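Read through the structure below, which is laid out as structure tokens, and then see the notes.
Every heavy atom of this structure was used, including side-chain atoms; hydrogens, water molecules and symmetry mates were not. Bear in mind that the values here come from a model prediction, so they are computed numbers and not experimental data. In what follows, residues are counted from 1 in the order of the sequence shown.
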Amino acid sequence: MTKQPCTSATAEDEGEMEIERSVLAYLHRHPQAADTLRGIVNWWLPRQRYESGCMRIERVLDRLVGEGQLHCDPLPDGEVLYALNDHTKPPQ
């Protein structure tokens with residue numbers, strides 16, 4: 001039985017590559033950082049996922065605003081409030 005060449009990474013490999021990218025990205029942004037495994041798991045990686053998740057969500061929201069499906073209103077504290085445009089709301 002011959003071993004099949006691996007043309008794509010397995011899910012486990014992809015997960016490890018994502019962790020590697022996250023750790024390296026964190027260290028590039030914080031070059032003086034150092035921590036234990038527990039610290040990295042508790043502080044670096046969740047933060048990385050949150051930040052990248054927020055950026056993805058923001059891109060989607062911006063696209064929906066651009067398409068006219070949502071509108072956004074800036075709040076006094078600098079945050080932005082997103083809501084459906086009136087023409088896209090379901091009838092009540």
* Asked: According to a 4.5 Å side-chain heavy-atom criterion applied to Ile, Leu, Val, Met, Phe, Trp and Tyr, with indirect links allowed, do V23 and M17 form part of one hydrophobic cluster?
  -> no
Any side-chain heavy atom of V80 sitting closer than 4.5 Å to one from L75?
no
Those residues at least two apart in sequence (or on a different chain) that pass salt bridge (Lys or Arg N to Asp or Glu O under 4.0 Å) with R21 are none
R29 meets the salt bridge (Lys or Arg N to Asp or Glu O under 4.0 Å) criterion, sequence neighbours left out, with E51
Residues passing the salt bridge (Lys or Arg N to Asp or Glu O under 4.0 Å) test with E67, sequence neighbours excluded, are R63
So CG of L84 and CG of L64: to nearest 0.5 Å the spacing works out to 9.0 Å
So CG of N85 and SG of C72: to nearest 0.5 Å the spacing works out to 9.5 Å
Value for CG (N42) from CG (L37), rounded to nearest 0.5 Å, stands at 9.0 Å
May I ask you to decide if L81's main-chain N or O and D73's side chain share a donor-acceptor pair within less than 3.5 Å? no
So CG of L70 and OH of Y82: to nearest 0.5 Å the spacing works out to 8.5 Å
One should read off an interatomic distance between W44 CH2 and D35 CG, to the nearest 0.5 angstrom, of 6.0 Å
*Joint cluster assignment, I19 & L27, ILVMFWY side-chain distance < 4.5 Å*: yes
